[in-house]
Number of protein chains: 2
Amino acid sequence: MLEAAEKKPRDTREKILAVAEAAVLAKGFASTSIEELIAAVGITKSGFFYHFKDKGELAKAMMLRYIEQDTKVLNDIFQRGDELHDDPLHGFLVGLKLFAEMFANLPEAHPGCLAASFCYQDQLFNGEIRDLNAASVLAWRKRFRERLELIAKTYPPKQPVDFEALADMAASSVEGGLILGRLLKDQTILPRQILLYRDLVRATFASD
Amino acid sequence: MLEAAEKKPRDTREKILAVAEAAVLAKGFASTSIEELIAAVGITKSGFFYHFKDKGELAKAMMLRYIEQDTKVLNDIFQRGDELHDDPLHGFLVGLKLFAEMFANLPEAHPGCLAASFCYQDQLFNGEIRDLNAASVLAWRKRFRERLELIAKTYPPKQPVDFEALADMAASSVEGGLILGRLLKDQTILPRQILLYRDLVRATFASD
DNA sequence: GACCTACTGTACCACGGGTACAGTTGCGCA
DNA sequence: TGCGCAACTGTACCCGTGGTACAGTAGGTC
């Protein structure tokens, strides 16, 4: 009876999450109605509540999905950077360049960061989701901080450096660049912010 | 009959806007109910709709109020910076330091940026509000870009510089710093991001 | 005493989140 | 061949909130 035999288990759940992410990034979580999600996916309300016991569970699943995708992208990009360069500093700089290029080459504007969206509506969510969100930022901090300190072993900076802040600035540049890019409808803003961050990293460890 | 004779015209309107801003930054615009605003201010629903014909007009008034306050703060800070230093570069660097200190010395965590909050819910608003929001970012860009180009006349940078991106990075650092600060509940993140931006500006025009 | 500003009071509707639960369909498996 | 399970559908219903509509009123000003 079904014209599509390609249906896999969990497929619907994934579709709901994808549609929900796009909607939340455009309108916020509260104004994303379950009604519109089921209409877009082509299921009924009962179908939705089969997958998620309430809207809060949807939020949690969205966050987990986002963090997973995010981690994978970062891993890929910076691994490729390191493959192109043995040196910790130059591998990192190549990684940052690849990162900027990835955003520059997106077919359309980046829809935004779910962590930022949730952050500006955090009273809607329970502590579990806020903790997930904080953990994802700490993962960025750890990743970049460890790299920066590794670089500092080979290239000791002449000035004292706030490594934590410099690590955070990677995430901060992305968040800031996404917001400005959206507000001005200019896709070039985000990659250029990342390249400026790259300039700062290079200047921090400059050997001249 | 009224125990308070201190009531001034427009006072209620201002109270509504202040309460609404705090609520929107905590929960988002959509989930900020008119009900809770009037409860906090102590008026009735009819009183609310006397001041704003609908929720959209409230949003517009919030945005206008936010932009006005924002402009005033920036003017004050960077004017003081320039009073302390004649040189365009060093006046700017002092201004950035004052800016960072302002955030560091806030009695409690900065509640967030209304422009960012609206940005992540922009489908809720009409074009007028989105235009206001974009204009406020362009005002930051213009302010910082003009200053950077002025500095470049005295301190020509040795490397080519993306002045637009470097100007945008001021706003971007604030937006990014606010988000990270909120997510990690750490008030020091934002001022430290601004100080890193200051480092980048200094390095860009370094004469050594 | 007329007029204006800044409200109050009352009544009402539509929509969406959420609950409850019974029924159905197709697939894997014994 | 039939059993059970995952993944739904169908129906019915409650309630809170945004939003509309509009009439009334208290206090100050000219």
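Chain letters run A, B, ... following the sequence lines, proteins first and then strands; every chain starts at 1.
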**Request:** Kindly write out the residues that satisfy ring pair (Phe, Tyr, Trp, His ring centres under 6.0 Å) with A:Phe144, not counting sequence neighbours, or none if the list is empty.
**Result:** A:Phe78, A:Phe92, A:Trp140

**Prompt:** Given atom CZ of B:Arg13 and atom P of C:dC7, what is their separation to the nearest angstrom?
**Reply:** 12 Å

**Request:** Determine: side-chain N/O of A:His51 to OP1/OP2 of D:dC8, distance under 4.0 Å, yes or no.
**Result:** yes

**Message:** Tell me if a side-chain donor or acceptor on B:Arg147 pairs with a main-chain N or O of B:Pro88 at a distance below 3.5 Å.
**Reply:** yes

**Item:** A:Phe52 CZ to D:dA7 P, straight-line distance once rounded to whole Å
**Value:** 12 Å

**Item:** For atom CZ of A:Phe29 and atom C1' of C:dG16, their distance in whole Å
**Value:** 13 Å

**Item:** Strand contacts (DNA chain C) in residues 122-130 of chain A, 4.0 angstrom heavy-atom criterion
**Value:** none

**Asked** DNA chain D: A:Tyr50 or A:Gly47, which has the more 5' nearest nucleotide?
**Response** A:Tyr50

**Message:** Taking atom CD as the centre, does B:Glu149 end up with more than 12 heavy-atom neighbours from other residues, nucleotides or ligands that are less than 6.0 angstrom away?
**Reply:** yes

**Closest nucleotide among C:dG18, C:dG16, D:dT20 to the A:Ile34 side chain** = C:dG18

**Prompt:** C:dA6 P sits how many Å from B:Ile38 CD1, rounded?
**Reply:** 18 Å

**Request:** Whole angstrom is fine here: how far is it from CG in B:Asp54 over to C1' in D:dA21?
**Result:** 14 Å

**Prompt:** Do any N or O atoms from the side chain of A:Tyr197 and from the backbone of A:Leu166 form a donor-acceptor pair under 3.5 angstrom?
**Reply:** yes

**Request:** Round to a whole Å and report the spacing from NZ of A:Lys53 to P of D:dC8.
**Result:** 19 Å

**Prompt:** Looking only at side-chain N and O atoms, does B:Thr12 come under 4.0 Å of OP1 or OP2 in C:dC7?
**Reply:** yes

**Asked** Got a salt bridge between B:Asp168 and B:Arg141, using NZ or NE/NH1/NH2 to carboxylate O under 4.0 Å?
**Response** yes

Atom pairs and distances, side-chain donor-acceptor, residues 94-117 of chain B, under 3.5 Å, sequence neighbours left out:
residue: B:Asn105; atom: ND2; partner: B:Glu101; partner atom: O; Å: 3.1
residue: B:His110; atom: ND1; partner: B:Gly112; partner atom: N; Å: 2.9
residue: B:Ser117; atom: OG; partner: B:Gln121; partner atom: NE2; Å: 3.2

**Centroid separation A:Phe125 to A:Phe29 less than 6.0 Å** = yes

**Request:** Report the distance from atom CG of A:Asp11 to atom C1' of C:dG26, rounded to the nearest whole Å.
**Result:** 16 Å

**Asked** Are A:Arg192 and B:Asp162 ion-paired here, with the side-chain N under 4.0 Å from a carboxylate O?
**Response** yes

**Request:** Just compare C:dG18, D:dG18, D:dT20 and give me whichever is closest to any side-chain atom of A:Lys55.
**Result:** C:dG18

**Asked** Does anything in residues 35-58 of chain A pair up under side-chain hydrogen bond (donor to acceptor under 3.5 Å, both in side chains), and if so which pairs, sequence neighbours excluded?
**Response** A:Lys27-A:Glu36

**Request:** Could you tell me whether A:Ser31 contacts a base, only the sugar-phosphate backbone, or nothing, with contacts defined as non-hydrogen atoms closer than 4.0 Å?
**Result:** nothing

**Complete:** Readout for nucleotides 10-16 of chain D: B = base within 4.0 Å of protein heavy atom, S = sugar-phosphate only, - = neither; 5' to 3' it is BB-----

**Sequence-distant partners of B:Thr32, side-chain hydrogen bond (donor to acceptor under 3.5 Å, both in side chains), two or more places apart** = none

**Message:** Can you measure A:Phe49 atom CZ to C:dA22 atom C1' for me and round it to whole angstrom units?
**Reply:** 18 Å

**Message:** Measuring from the side chain of A:Ser33 (C-beta onward, heavy atoms only), which nucleotide among C:dC7, C:dG16, D:dT9 has the closest atom?
**Reply:** C:dG16

